[in-house]
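Every value quoted in this text rests on a predicted model; they were computed, and no experiment measured them. So that the names make sense, note that chain A is the first sequence line, chain B the second, and so on, each numbered from 1.
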Number of protein chains: 4
Amino acid sequence: MLHCIHSVFLPGNVSKRLLITCCEPAFELNVGIPDPVQDTRERILSAALKLFAEKGYVSACTKDIARSAGVAEVTLFRHFTSKDRLLEEVLSHFTFVSVMPQLLKEIADLPCEEALTILAGRFIDYLILRKDWVSIMQAEMQRAPDKLFTVYHAFLDELFGGFVACFRQLQRRGCMGDFDLELGARMFHGICFNYFTQEELLGRKNYKSADRDLVLRGFVRIFLYGTSRNRRSE
Amino acid sequence: MLHCIHSVFLPGNVSKRLLITCCEPAFELNVGIPDPVQDTRERILSAALKLFAEKGYVSACTKDIARSAGVAEVTLFRHFTSKDRLLEEVLSHFTFVSVMPQLLKEIADLPCEEALTILAGRFIDYLILRKDWVSIMQAEMQRAPDKLFTVYHAFLDELFGGFVACFRQLQRRGCMGDFDLELGARMFHGICFNYFTQEELLGRKNYKSADRDLVLRGFVRIFLYGTSRNRRSE
Amino acid sequence: MLHCIHSVFLPGNVSKRLLITCCEPAFELNVGIPDPVQDTRERILSAALKLFAEKGYVSACTKDIARSAGVAEVTLFRHFTSKDRLLEEVLSHFTFVSVMPQLLKEIADLPCEEALTILAGRFIDYLILRKDWVSIMQAEMQRAPDKLFTVYHAFLDELFGGFVACFRQLQRRGCMGDFDLELGARMFHGICFNYFTQEELLGRKNYKSADRDLVLRGFVRIFLYGTSRNRRSE
Amino acid sequence: MLHCIHSVFLPGNVSKRLLITCCEPAFELNVGIPDPVQDTRERILSAALKLFAEKGYVSACTKDIARSAGVAEVTLFRHFTSKDRLLEEVLSHFTFVSVMPQLLKEIADLPCEEALTILAGRFIDYLILRKDWVSIMQAEMQRAPDKLFTVYHAFLDELFGGFVACFRQLQRRGCMGDFDLELGARMFHGICFNYFTQEELLGRKNYKSADRDLVLRGFVRIFLYGTSRNRRSE
DNA sequence: TATGAATGAGTTTTCATTCAT
DNA sequence: GATGAATGAAAACTCATTCAT
């Protein structure tokens with residue numbers, strides 16, 4: 001269950017490798033114990049994640065998921081009882097892990113603009129890594145079985161909390177102004193999440209990807225200066 | 001086809017009435033010509049919009065749409081050939097109309113912060129009015145028949161263009177700093193759209209709705225100060 | 001819905017023809033109006049009756065029923081919503097009709113032994129005519145959805161009432177003794193029903209069928225003498 | 001395999017305890033030899049008997065039977081090869097044992113009416129004890145694998161034989177008239193079996209159970225008087 | 001002997017779509 | 001133009017049974 005921790009929010013661009021690895025983390029961690037049962041289960045989960053994201057929950061049929069996982073359709077039901085339960089398990093199995101704490105340490109010594117730019121970058125990397133997961137959430141929220149709501153809201157709460165903590169740390173260091181942290185967190189999240197949505201989910205490659213850092217830096221600067229007015233105005 | 005224009009981006013809060021009216025605008029506009037054929041067509045489109053948004057494209061079955069529109073299932077096919085075509089027609093029928101031009105005039109004489117706050121508010125009102133439409137787009141983009149992409153990207157382009165034009169106007173009036181307008185538009189859009197998504201689509205009523213103006217004003221201030229640094233720093 | 005009345009409880013042995021006709025009575029009555037919808041419905045009902053009786057409810061699959069009715073499987077569901085509902089409709093569609101009144105008239109002038117023998121014979125004929133229906137009831141009662149219970153108990157109540165009325169009539173004519181009519185009805189019913197079960201359902205052709213009348217007459221005599229003891233003893 | 005003998009046809013009413021005990025008789029008899037293999041086998045047989053009776057052969061799935069017996073599903077197949085064979089084994093394992101001989105001795109000295117009333121009562125007690133077994137037979141006869149037919153017909157033959165023997169004994173003692181014994185056996189059986197079916201299987205508690213003896217006595221009297229006419233008429 | 005894992009064949013049911021009127 | 005009836009294709013899910021250990 002601890003898979004993907006290492007790769008998340010690490011410096012550097014997200015590589016194709018990471019995206020693929022993301023779906024089958026057990027392999028790396030359990031190399032010594034190739035438990036065939038877990039393997040089957042894991043393969044089904046990964047196949048389901050991929051197909052749910054690709055075709056939507058309803059259109060991704062269990063037969064295809066099973067075939068794609070290399071097992072018989074029944075096997076899927078043996079492991080997950082129903083398609084609905086499979087969705088739930090997929091969404092909790094691949095759910096985020098708390099990364100903010102570590103990240104806060106990483107950016108502790110960086111200058112403010114640098115810190116926020118890296119924060120934004122890592123957050124987006126993380127979303128890219130969890131692209132399928134996010135995709136499913138975006139698409140299925142309105143059909144929203146309660147379980148989804150719970151998981152997704154927990155995800156958002158965790159994020160906002162992380163942003164708030166980050167801002168507070170920067171404030172303590174004296175490099176961020178005094179402002180409504182909750183509101184700032186929502187704003188910062190909106191900017192990053194929207195960037196991700198447009199670039200990755202909608203495929204609107206408005207900016208060459210090489211320029212990503214520039215764009216994010218641009219966002220950060222506006223945000224940083226905007227929230228600094230109180231300090232400045234003093 | 002131009003229904004809803006009047007109600008969009010007009011000053012004042014979006015009332016329940018408007019939201020409801022939105023789905024059956026033809027009645028009000030075509031009172032003089034109660035063309036029964038158009039009527040049938042319109043009723044199907046409205047029913048489809050509602051059900052697609054509610055249950056997702058795949059899960060909203062033609063039988064339910066037809067029943068909800070008060071016609072036989074076959075009639076739906078007479079009018080729209082296939083379910084796929086129906087989706088396309090729904091999405092273009094209820095698509096946005098260019099509202100920015102008018103809005104620019106409205107805020108022409110307002111002080112900058114006021115202008116942007118109202119812009120944000122109207123934009124969100126507009127999204128609320130088009131909630132079903134947006135919902136469908138969010139959910140079905142990944143399944144993305146080309147047609148959807150085209151329509152949605154046109155929608156976004158129009159929006160960004162509008163924001164850019166608005167910023168440019170405010171710059172000319174000397175009340176906004178010098179900054180990358182495209183980048184600003186993306187940022188501003190992200191903030192507003194994310195607010196809408198969370199409040200309306202995800203039902204995360206973090207802020208009491210009475211405070212909406214305060215929140216938006218908070219966003220706008222940060223954005224405004226942030227983009228003014230260049231001017232100020234001079 | 002009035003099918004089968006004419007053929008039930010008429011004098012004479014039950015012929016193969018009657019048994020077959022029983023399942024598609026509408027043809028005879030509605031010759032002038034070959035309503036294709038009713039026809040389809042009727043064909044499905046008949047096929048279902050037959051297959052349910054033959055293989056049991058669970059084992060008679062809807063595909064086979066549909067094929068045997070000459071329609072597509074979906075058509076069956078269009079008409080009956082679910083397999084469970086189909087069973088219910090089959091059981092009420094082919095349910096008994098009140099025949100006792102007419103029968104009482106028929107045997108009004110016959111000597112007592114003759115009257116009871118004919119009553120027993122007709123009752124068994126009737127069961128043979130409804131063999132499939134009874135078969136299903138026997139087999140599915142324990143799985144017993146409430147609906148079945150209701151229908152079957154109504155069937156039994158009607159029968160017992162009929163027997164009681166018959167005995168009372170014979171008493172009035174002075175040719176039956178004084179005895180507990182309810183108890184007598186249960187006994188008489190048990191004898192006849194058991195005969196039917198063994199001969200028809202279990203295929204225990206212990207007695208040559210030509211002797212049926214003899215067997216029944218034997219039963220009747222014992223019953224008749226047995227219930228006459230009170231009169232005799234006076 | 002001879003379990004239940006002691007409790008069958010013993011004087012006194014059938015207690016709840018007997019009914020329950022009936023399914024797991026081996027425990028009591030084999031206390032000294034707790035053969036674990038037989039135990040497993042026995043547990044499966046009992047579970048199968050219960051579930052077959054409750055849900056019908058087809059609906060009682062091997063998984064449930066196994067779970068209810070506390071073993072793995074495969075184990076069931078190890079012991080019985082196939083579900084069909086399991087049914088056969090269940091039906092022969094729990095089949096009746098010849099009880100008539102003993103019963104004849106018991107009623108040897110009783111007055112005729114008393115003897116027949118007790119005979120009827122014991123027979124019904126016996127059926128109640130074998131309720132599950134009878135239930136299965138009733139329900140599955142029509143699907144009738146040959147094996148079932150054989151077992152059930154043997155059961156009936158044994159019964160009829162018993163009744164005939166009983167009647168003959170009473171005749172010898174001079175307390176029953178001269179009549180067709182086969183025919184009488186069928187009649188007597190029908191009356192008792194029908195009583196059982198209605199009270200126990202169909203749950204038609206028409207008569208308060210306290211009155212059971214009265215009802216049976218009523219039946220017996222009619223039967224007795226009816227069959228005595230020949231003697232009397234002389 | 002006992003079992004956890006896996007499966008092929010089949011079940012009921014739903015859906016978009018066509019036909020005939 | 002509108003519809004009731006009919007359908008082929010596919011969906012989720014179940015079941016008895018086998019395999020490997």
Got a sec, which residues hit side-chain contact (heavy atoms from CB on, under 4.5 Å) with V134(A), two or more places apart in sequence or on another chain?
L127(A), R130(A), Q138(A), F193(A), F196(A)

E140(B) and F52(B), any side-chain heavy atoms less than 4.5 Å apart:
no

Run the salt-bridge test on R41(A) and E89(A) with the 4.0 Å N-O cut-off and return the result as yes or no.
yes

Between R78(C) and dA5(F), is there a side-chain N or O to OP1/OP2 distance below 4.0 Å?
yes

I want to check one thing: is the phosphate of dG1(F), taken as OP1 and OP2, less than 4.0 Å away from some side-chain N or O of H79(B)?
no

Which residues share a side-chain contact (heavy atoms from CB on, under 4.5 Å) with V74(C), sequence neighbours left out
A72(C)

Of all heavy-atom pairs linking A60(C) and K55(C), the shortest is N-CB, 4.2 Å

Can you see if the side chain of T40(A) gets near the phosphate of dA6(E) - specifically, an N or O under 4.0 Å from OP1 or OP2?
yes

In terms of the nearest nucleotide of DNA chain E, which residue is placed more toward the 5' end: T81(C) or E73(D)?
E73(D)

Residues of residues 53-70 of chain B with any non-hydrogen atom less than 4.0 angstrom from an atom of DNA chain F: list those, numerically ordered, please.
none

Watson-Crick or G-U counterpart of dA20(F), or none if no pair lies under 3.5 Å:
dT3(E)

dC15(E) P sits how many Å from L76(B) CG, rounded?
14 Å

Can any side-chain N or O of K147(C) pair as donor or acceptor with the backbone N or O of D84(C) at less than 3.5 Å?
no

